[in-house]
Amino acid sequence: MENLTKNTVVELYNRVKIPIIGFGGGDIDENHQKQTTVIRNAIEAGYRHFDTALIYHSERSIGEAIKESGIDREKFFITSKAWDADMRRGPVDILRGFEESLRRLGTDYIDLYLLHWPVTGKTVDTWRILELLYYTGKVRALGLSNVKRHHFVEIMRNCDVMPHVQQDEFSPYCMNNDGRKFDDFHGIKYEAMMPLKRLKYEKPDGIIGQIAEVHGKSIQQIVLRWIIQHGVVALPKSQNPKRMRENLEVFDFVLSEEEMARIDSLNFEGPINWDPDLFDF
């Protein structure tokens, strides 16, 4: 994917289209007003794709900022997620949690709804509830995050709607090649959460820094360009308006095949999150 623009989208197997770059809504700020200001700044910078979750406590801020923008809801792509505690309590709480997300977001539908973490013994039952939301049109697409292959297989064997999206790490140090091959085979699209998190360990004179110097870009911009050239949706976040804009300024240059391969070579499939089979929250 080299002919990319800020309007480039990734098309799911049900023809729903996701902007290839979005804004991560986790850990923005504990203060609601400050959160809303951050989201408002992101909208002004040009973001129309926002990723949030009940546990992020940013749904209300995203909803208010979108309303204040005066831009039609249909111009935005919103992702939220079903939380573990609701999954453990059962269908009624899953549905209640979803309706509360709609209320906080100030919308009557969510573009992409994810199963946030695969609670043991609850994955299939939860997915069946998400399928109902999909069938009613309150959700346009479904997905999984923080998962392993066996979670996909469990759903595929027992449910009707195959996941449209997987959201997990995708960075120069963890490309999840095995998982993405599985996704590609089944037509599942991939999203990169926290795509810039590990860059604090990257040395300015390292491979990415060298490539950044050639293009006159930052290390962060090089990584975001590398992600979207792989056809993966990127979800960076920042509280700094200048950095927000810089994260969108990745469509005026192209990484060569050699540069892509050099960044690929950094991969060691290192983990960034808790093990999906062992987490306890």
Side-chain angles (χ1 to χ4, degrees), residues 10-14 16 18 24 26 51 53-56 79-91 93-95 97-98 110-135 139-195 197-198 227 230-235 264 267-281:
V10 170
E11 186 170 291
L12 307 182
Y13 73 79
N14 67 347
V16 167
I18 304 181
D51 179 88
L54 181 150
I55 199 66
Y56 296 170
T79 298
S80 195
K81 307 174 183 76
W83 182 236
D84 310 354
D86 291 338
M87 292 167 59
R88 291 187 177 96
R89 285 190 291 262
D93 285 272
I94 295 169
L95 291 171
F98 176 79
I110 290 175
D111 296 282
L112 174 62
Y113 202 56
L114 303 179
L115 191 156
H116 204 156
W117 284 86
V119 176
T120 301
K122 299 292 184 178
T123 302
V124 169
D125 289 343
T126 300
W127 192 259
R128 286 174 176 157
I129 299 300
L130 268 56
E131 285 181 325
L132 293 177
L133 296 172
Y134 178 69
Y135 290 141
V139 171
R140 298 177 64 219
L142 299 176
L144 301 172
S145 64
N146 305 299
V147 288
K148 294 182 178 178
R149 179 177 295 187
H150 71 84
H151 296 113
F152 281 96
V153 173
E154 184 180 17
I155 286 173
M156 291 175 177
R157 285 177 175 173
N158 295 283
C159 301
D160 296 327
V161 180
M162 184 171 68
H164 301 94
V165 171
Q166 176 178 355
Q167 184 187 108
D168 273 297
E169 183 178 4
F170 180 76
S171 75
Y173 320 103
C174 182
M175 293 179 64
N176 198 357
N177 284 326
D178 185 59
R180 288 190 303 115
K181 288 177 183 177
F182 178 84
D183 288 350
D184 287 344
F185 182 81
H186 291 284
I188 300 167
K189 299 302 182 182
Y190 201 95
E191 288 187 335
M193 65 179 185
M194 300 184 290
K197 184 176 180 67
R198 295 204 204 205
I227 290 171
H230 270 294
V232 173
V233 175
L235 298 169
D264 289 354
N267 180 41
F268 63 94
E269 297 293 6
I272 189 173
N273 254 335
W274 297 275
D275 188 321
D277 290 326
L278 300 175
F279 75 98
D280 60 356
F281 48 85

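Because the structure is a prediction, the values reported are computed rather than measured.
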Participant: Taking atom NZ as the centre, does Lys189 end up with more than 12 heavy-atom neighbours from other residues, nucleotides or ligands that are less than 6.0 angstrom away?
Facilitator: no

Participant: If you measure from the Lys or Arg side-chain nitrogens to the Asp or Glu carboxylate oxygens, is any gap between Glu169 and Arg198 under 4.0 Å?
Facilitator: yes

Participant: Taking all non-hydrogen atoms of both residues, which atom of Pro195 and which atom of Ile227 are closest, and how far apart?
Facilitator: CB-CD1, 3.4 Å

Participant: Looking only at heavy atoms, which two atoms of Gly187 and Tyr13 are closest? And how far apart?
Facilitator: O-CD2, 3.8 Å

Participant: So how far is it from Leu112 CG to Leu142 CG, rounded to the nearest 0.5 Å?
Facilitator: 7.5 Å

Participant: Between Gly231 and Val10, what is the shortest heavy-atom contact and its length?
Facilitator: O-CG2, 4.1 Å

Participant: Taking all non-hydrogen atoms of both residues, which atom of Ile129 and which atom of Pro91 are closest, and how far apart?
Facilitator: CD1-CB, 3.6 Å

Participant: Looking only at non-hydrogen atoms, find the nearest pair between Ser80 and Ala53 and report the distance.
Facilitator: OG-CA, 3.5 Å

Participant: Could you go step by step and tell me if Leu12 and Val165 meet the side-chain contact (heavy atoms from CB on, under 4.5 Å) rule?
Facilitator: CA-CA 8 Å; Leu12 307 182; Val165 171; 3.7 Å; yes

Participant: What is the ring orientation for Phe170 with His230, classed by angle as parallel under 30°, tilted 30 to 60°, or perpendicular over 60°?
Facilitator: perpendicular

Participant: Checking Glu131 side chain against Asp160 main chain: does a donor-acceptor pair fall under 3.5 Å?
Facilitator: yes

Participant: Look at the side chain of Arg128 and the backbone N and O of Asn158, then say whether any donor-acceptor pair between them is shorter than 3.5 Å.
Facilitator: yes

Participant: Checking side-chain contact (heavy atoms from CB on, under 4.5 Å) for the pair Cys159/Val124: CA distance, chi angles, key distance, verdict?
Facilitator: CA-CA 7 Å; Cys159 301; Val124 169; 3.9 Å; yes

Participant: Does Asp168 reach the main-chain N or O of Ser145 with its side chain, forming a donor-acceptor pair under 3.5 Å?
Facilitator: no

Participant: First locate atom CD of Gln166, then atom NE2 of His151, and finally report the distance between them rounded to the nearest 0.5 Å.
Facilitator: 11.0 Å

Participant: How many angstroms lie between atom CD of Gln167 and atom CG of Leu114, to the nearest 0.5 angstrom?
Facilitator: 5.5 Å

Participant: So which atom in Val161 and which in Tyr135 form the shortest heavy-atom distance, rounded to 0.1 Å?
Facilitator: CG2-OH, 3.4 Å

Participant: Run the salt-bridge test on Asp183 and Arg180 with the 4.0 Å N-O cut-off and return the result as yes or no.
Facilitator: no

Participant: How long is the straight-line distance from CG of Asp86 back to NZ of Lys81, given to the nearest 0.5 Å?
Facilitator: 14.5 Å

Participant: So, Arg88 and Asp93, do they make that salt bridge, N to O below 4.0 Å?
Facilitator: no

Participant: Just so I know, are the side chains of Asn176 and Tyr190 near enough to count as touching, which here means a heavy-atom distance under 4.5 Å?
Facilitator: yes

Participant: Restricting to pairs with a member in residues 118-127, which pass side chain to side chain donor-acceptor pair (under 3.5 Å), not counting sequence neighbours?
Facilitator: none

Participant: Measure the spacing between CG of Leu133 and OH of Tyr113 and express it to the nearest 0.5 Å.
Facilitator: 7.0 Å

Participant: Tell me, do Ile94 and Leu130 make a side-chain contact under 4.5 Å, heavy atoms counted?
Facilitator: yes

Participant: Can you tell if the side chain of Val16 reaches within under 4.5 Å of the side chain of His164, non-hydrogen atoms only?
Facilitator: no

Participant: Counting C-beta onward and ignoring hydrogens, is there a side-chain heavy-atom pair between Leu95 and Leu132 closer than 4.5 Å?
Facilitator: no

Participant: I'd like to know if the side chain of Asn146 reaches the main chain of His116, judged simply by a donor and an acceptor atom lying under 3.5 Å from each other, with no hydrogens or angles considered.
Facilitator: yes

Participant: Calculate, to the nearest 0.5 Å, the distance between atoms CD1 and CD belonging to Ile18 and Glu191 respectively.
Facilitator: 5.0 Å

Participant: Using only atom types and a distance under 3.5 Å, with no angle test, would you say the side chain of Glu269 pairs donor to acceptor with the backbone of Cys174?
Facilitator: no

Participant: Should we say atom CZ of Phe268 is surrounded by more than 12 heavy atoms from elsewhere, each under 6.0 Å from it?
Facilitator: yes

